[in-house]
Amino acid sequence: MLNKYSKTVTQDSSQPAAQAMLHAIGLSEDDLKKPFVGIASTGYEGNPCNMHLNDLSKLIKNSVVSSNLVGLIFNSIGVSDGISMGTPGMRFSLPSRDIIADSIETVVQAMSYDALVTVVGCDKNMPGALMGMLRLNRPSILVYGGTIAPGFHNGNKLDVVSAFEAWGEKVSGKISEDQFKCVIKSACPGAGACGGMYTANTMASAIEALGMSLPYNSSDPAISENKKKECNLIGNAIKNILELDLKPRDIVTRSSIENAIRLIAVLGGSTNSVLHFLAIAKAAKVDFSIDDFQKIMESTPYLADLKPSGRFLMEDLHKVGGVPSVLKLMLKNNLLDGDCITVTGKSLSSNLEDLPWLKENQKIIHPIEKPIKKTGHIQILKGNIANDGAVAKITGKEGLVFKGPAKVFDSEQAANDGIKNGLVEKGQVVVIRYVGPKGGPGMPEMLKPTAAIMGAGLGKEVALITDGRFSGGTHGFVVGHIVPEAQEGGNIAIIEDNDIIEINAEKNTIELLVGKEELIERKNKWTQPQYKFKSGTLLKYIRNVSTASNGCITDEYEE
């Protein structure tokens, strides 16, 4: 029985109003006997990552209807990280992930849909949609809207991070106002998510490795015939898993999560993936911690020369074979469990069997025997600044150890102003605090200060630590997700200017080199600031959000 949920409203004679309303939207009596497929679009006009998703949803609906199913489009919300970055609006970005999950769960449950297709673009869309799919546990497929094409200026490829770094170059006097405007006008030429291995492309790639999207979903560009063809395949694909009764929690297992995280390590993906996969694992009822993340990173090489720390974009990877070719390389070298089932109804290894290898002489993915770094770039650090963990993005290009005096800022804006006014000097450890899940609130990303540091030519000369997050576009010697956060009395709250901080990515430690008695005395003097919001969505978030080391989830799952 493929319509086991929708029949509650379509086949029960005691539901005449429901059936009358379904006829009103154009469904026939025969349609009411078919399975209902919800098509959840995160499309909206205000963001290039999402501006084309409603059009893709219509293609998917046509494919679903052609497969003798009923397709019904609905919408969830989205927040553009790139547009809200560096503003008070960025506080709403991470909370939007859980709102997306809540809204998808709500509509599918309330409307009795039998299956689900999610159409997603920007950073929080993907984990939010996947969390909703896992909660519902009905046959589901995720469709990523694809990556943006590169911009160009003076013969150089650009992306959204180029615009942030150009701002840093402008305020440091390296480029003129006219040069700056040329970069920002050219950086983003149209529809699609940010082009490097930032959070959107990281999560899309990982979800393909996880088995929750079709092959090539993550690397097919947004504006391409391949993306349209992919949408046309969804009808048959969703009908197939309906017939198999193959559900998200059959696919998202401990082994498939490990596959996804190994791909993140190979590609040099975003630190945000730590938060998101902790939350995804929770929704999938899989026991998985930040320490498990560390173990995978220690046994997986970093191979991809992709932005932000490398040279190439997702579009370049697509041209040499895309994500499936990288997965084939990993499978050949025993870095994946090929037996994991996927939304095709087949195993990961079966999906990859007849697909092409990486093109010869390509420069993007290094050979396994000549990695950029022998271990993963994401490291979980612990120490007296982060007793419950912190997340570092260390590619090796910045070095593995940094020790220097602290320069402390109690907000992102203060840090931006400090960098702009020359208060940050070589050798310092920049501390940005009170920007965690509760203190931010919403744990905003610190791309603007890190991009400004890069633009000012200090990328290899300073480190930056925070209880906030970093954009997938961030590079440099950076440590985020510090737990406990400052708002909740973590030791990051009692760091003072010129205290010596040591970050060691070989020992995986982050230490404030201040005596224990001095720390106790400072802690006794510290008073907790009031929360920044006293009503609305962000107050709800403050009250419910877990720590970053637990994925910043806003609900608990009982066995």
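Looking at Gln413 and Asp417, their side chains do bring a donor and an acceptor atom within 3.5 Å of each other. Checked by atom type, the side-chain pair Asn201/Tyr144 shows a donor-acceptor distance below 3.5 Å. Between the side chains of Ser76 and Ser103, at least one donor N or O sits under 3.5 Å from an acceptor N or O. Donor-acceptor pairing under 3.5 Å is recorded for the side chains of Tyr198 and Asp159. Using modelled atom types and a 3.5 Å distance limit, the side chains of Tyr434 and Thr466 yield no donor-acceptor pair. Between Glu488 and Gln528, the side chains place a donor N or O and an acceptor N or O closer than 3.5 Å (distance only, hydrogens not considered). The closest side-chain donor-acceptor pair between Asn54 and Asn75 falls under 3.5 angstrom. Judged by distance alone, the side chains of Thr199 and Ser270 do bring a donor and an acceptor atom under 3.5 Å apart. There is no side-chain donor-acceptor pair under 3.5 Å between Gln179 and Asn154.
A donor-acceptor pair under 3.5 Å is formed between the side chain of Asn50 and the backbone N or O of Thr42. Arg91 places no side-chain N or O within 3.5 Å of a backbone atom of Gly442 that could act as its donor or acceptor partner.
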Requested in this report: Check the pair Phe293 / Met297 against side chain to side chain contact (heavy atoms under 4.5 Å, CB included), numbers first and verdict last.
Outcome: CA-CA 6 Å; Phe293 218 104; Met297 288 288 157; 3.6 Å; yes
Report task. Show your reasoning for whether salt bridge (Lys or Arg N to Asp or Glu O under 4.0 Å) applies to Arg135 and Asp555. Result -> CA-CA 11 Å; Arg135 292 181 196 172; Asp555 58 347; 3.5 Å; yes
**Report entry** Trace of the side chain to side chain contact (heavy atoms under 4.5 Å, CB included) decision for Met443 with His481
**Finding:** CA-CA 8 Å; Met443 205 181 178; His481 306 209; 3.7 Å; yes
Query raised in the report: What's the verdict on side chain to side chain contact (heavy atoms under 4.5 Å, CB included) for His318 and Asn226, showing C-alpha distance, side-chain angles and the deciding distance?
Result: CA-CA 11 Å; His318 170 71; Asn226 285 347; 3.6 Å; yes
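Of the residues Leu464, Ile492, Ile385, the one that meets the side chain to side chain contact (heavy atoms under 4.5 Å, CB included) test with Val431 is Ile492. The side chain to side chain contact (heavy atoms under 4.5 Å, CB included) test with Val545 singles out one residue from Pro95, Pro437, Pro441, and that residue is Pro437.
In plain terms, the two heavy atoms of Thr271 and Phe470 that are nearest each other are OG1-O, 3.9 Å. Scanning both residues, Ile77 and Ser96, for their nearest heavy atoms gives CD1-CB, 4.0 Å. Minimum heavy-atom separation, Ile503 to Ala463: CD1-CB, 3.9 Å. Considering every non-hydrogen atom in both Gln294 and Ile378, the closest pair reads OE1-O, 4.3 Å. Nearest heavy-atom pair, Leu313 versus Gly196, reported as atom, atom and distance to 0.1 Å: CD2-N, 3.7 Å. The two residues Gly145 and His52 make their nearest non-hydrogen contact at O-NE2, 2.9 Å.
Ion pairing between a basic and an acidic side chain is recognised when a charged N comes within 4.0 Å of a carboxylate O; Lys407 and Glu425 show no such pairing. Under 4.0 Å is where a charged nitrogen must lie from a carboxylate oxygen, and between Asp98 and Lys124 no such pair does. A salt bridge between Asp316 and Arg311 is absent, with no side-chain N of the basic residue lying under 4.0 Å from a carboxylate O of the acidic one. Using a cut-off of 4.0 Å between Lys/Arg side-chain N and Asp/Glu carboxylate O, Asp467 and Arg433 are scored as not salt-bridged. Salt bridge annotation for Lys227-Asp55: absent, with no cationic side-chain nitrogen under 4.0 angstrom from a carboxylate oxygen. No salt bridge links Asp123 with Arg97; every basic N to acidic carboxylate O contact stays at or beyond 4.0 Å. Salt-bridge annotation for Lys170 and Glu177: present, with a side-chain N of the basic residue lying under 4.0 Å from a carboxylate O of the acidic one.
In this structure, Phe402 and Phe477 have tilted ring planes: the angle between them lies in the 30° to 60° band.
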